[in-house]
Amino acid sequence: MRNLKVDGDRLWASLMEMARIGATPKGGNCRLALSDLDAEGRRLFIRWCEEAGCTVTVDRVGNIFARRPGRNPDLPPVMTGSHLDTQPTGGRFDGVYGVLAGLEVVRTLNDLGYETEAPIEVAVWTNEEGARFSPAMMGSGVFAGIFGVDETLAKPDNFGPATFGEELRRIGFAGEAPVGGRPVKAYFEAHIEQGPILEDEGKTIGVVTAAQGQRWYEITVTGQESHAGTTPMRKRQDALVAAARMVEAVNRIGHAHPPDAVATVGALQVSPNSRNTIPGRVFFTVDFRHPVDATLSIMDEELKRECRGIAEAARVTVDITDFWYFPPTPFEKRLVDSVRSAAKAQGLPHRDIISGAGHDAVYLARVAPTAMVFVPCKGGISHNEIEDAKKEDLEAGCAVLLNAILAEANA
Ligand code: HGY
Ligand code: MN
Ligand code: MN
C-alpha cells in the first residue's frame with residue numbers, strides 16, 4: 001500500500017469554486033439535476049479535467065467520464081467519482097466531494113508524473129439525488145442496466161412540464177456514448193458520511209462495508225371535496241385527515257424497528273389546497289430504509305396494512321405504488337480491505353460503517369467491484385444548506401482514495 005498525499009488546499013479551492021455555482025443564501029447549493037446550474041457545474045468540471053490532460057466522454061443519459069490514460073490502454077479503467085446535482089436545499093459537499101476528490105487524484109498523479117498500469121476514469125453520474133426526476137441514482141442505474149435509456153429519458157420533471165431527455169438536450173449533455181456495457185476494473189467513491197457516527201466517535205475515515213436497502217412509495221389518498229362550512233363532520237371524506245394519520249403511521253413504523261430503521265415522508269401535495277374546501281385528494285411519498293432486507297419487507301407489510309385500515313375508517317380510498325426498491329448492498333471485500341489498509345497506512349482513525357444514504361456506488365456494485373470512503377461532516381447534517389466538512393478530513397479521505405485506487409490500478 002503506497003502512502004501518497006494529495007494537495008488539500010487545491011482540493012478545497014476547487015470545492016469552494018464549484019460551490020459558487022448555485023450558491024444559496026444560507027451557504028448551501030441548489031443545482032437541481034439537468035438545470036442550467038447543473039450544466040454550469042458540469043462544464044467547469046470538464047474544463048478542469050481537460051486542463052489535467054483527461055479525455056472526456058458523455059453518454060446518452062449525460063454521465064460524464066474523464067479518462068486519464070494508463071500504460072496499458074486495453075485494461076478496463078479503475079473508476080471513481082460521484083454526482084454534481086444537489087437537493088433543492090443541498091450542501092457544498094454531498095456528491096461534489098467525490099467528484100473533485102477524483103479530480104484531485106488525477107492532479108496528484110500528474111504532479112508526480114506517475115503512470116498507472118490501468119487507465120483511471122473520474123465519473124459524474126447524472127441525477128443521483130432523485131429530487132427533480134425520480135427515483136434517485138438514475139445515471140448510474142442506467143449504466144448498471146437497472147433502468148433503460150428510453151424510460152429514463154421519458155421521466156417527468158417533478159417540478160415542471162419537461163422530461164429528463166428534453167432537459168438533457170436543452171443543457172447540451174445528451175451524449176453519444178452508449179451507457180454502460182463496458183468493463184470497469186473497480187469503482188471507488190468518496191463521500192461525506194451525511195450522518196453523525198464518524199464525528200461522534202472522532203474517526204476521520206469510514207470504511208464503508210455496505211449500503212442499507214431502500215423502499216420508496218408514492219401514495220394517493222382520495223376522499224371527497226366539499227364545503228368547509230356546510231359539511232357536517234360525520235359526513236366528511238377528508239383525504240388530508242386520512243393522509244395525516246398515514247404519515248403518523250409511517251413515523252410509527254420507523255420507530256418500531258430500532259435502532260436502524262428510518263422512515264420519512266418528504267413530499268406531500270394537497271388538492272385543491274383551498275382553505276375552505278375539504279381536501280379531496282392528497283399525494284405523498286414514503287422513504288423507508290434498513291440494512292436488513294427482511295425488516296424492510298416487514299415495514300412494507302405494516303405500511304400497506306396501516307394505510308388500508310386508516311382509509312377504510314375514514315371512508316376514503318388509498319392507492320399505494322411501490323415506486324423504487326433496492327436491497328441492502330455489500331461492497332467488495334478486497335476493495336474494502338484496501339480502503340482500510342490505506343487508512344491505516346496514513347495513520348488515520350477509522351471504523352467500518354454501513355451507509356445510511358444511497359449512492360451511485362450501490363448501482364456500480366452491480367457491475368464492478370466497488371467500495372466507498374467516508375469522511376465526517378459537521379454535526380452529521382446533510383441535505384441541508386449548512387452542510388459542512390473539515391478541509392483536513394476531506395484531504396485525508398482523498399489520500400485514502402488515491403492509495404486505494406493505486407493499489408487497484410497497478411494490481
Ligand atoms: O437519498 C439518498 O440517500 C441520496 O442522498 N440520494
Ligand atoms: Mn450524495
Ligand atoms: Mn444526497
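Order of appearance sets the numbers: ligands from 1, and atoms from 1 within every ligand.
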Tell me, with the steps shown, if F159 and L32 meet side chain to side chain contact (heavy atoms under 4.5 Å, CB included). CA-CA 10 Å; F159 306 128; L32 290 181; 4.1 Å; yes
Under 3.5 Å, is there a donor-acceptor pair between the R42 and T126 side chains? yes
Cut-off under 2.8 Å, centre the Mn ion (ligand 2), protein N/O/S atoms: H83 NE2, D94 OD1, H191 NE2
With rounding to the nearest 0.5 angstrom, report the CH2 to OG distance, W324 to S134. 9.0 Å
Would a 4.5 Å heavy-atom cut-off, applied to side chains only, mark E306 and R245 as touching?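 Of all side-chain heavy-atom pairs linking R245 with E306, none is under 4.5 Å.
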Heavy atoms, side chains only, cut-off 4.5 Å: are V61 and V149 in contact? yes
All side chain to side chain donor-acceptor pair (under 3.5 Å) counterparts of E121, not counting sequence neighbours: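 Per chain and number, E121 pairs via side chain to side chain donor-acceptor pair (under 3.5 Å) with R67, R182.
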Would you mind telling me which of Y363, Y187, W125 makes a ring-ring contact (aromatic ring centres under 6.0 Å, His included) with F143? W125
Side chain to side chain contact (heavy atoms under 4.5 Å, CB included) with V207: of V373, V400, D352, I353, only one passes, and it is D352
Which residues share a ring pair (Phe, Tyr, Trp, His ring centres under 6.0 Å) with Y217, sequence neighbours left out: F288
Identify, chain by chain and in numerical order, each protein residue with a heavy atom under 4.0 Å from an atom of ligand 1.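 Contacts of ligand 1 under 4.0 Å: E128, E129, Q214, R289, A357, G358, H383.
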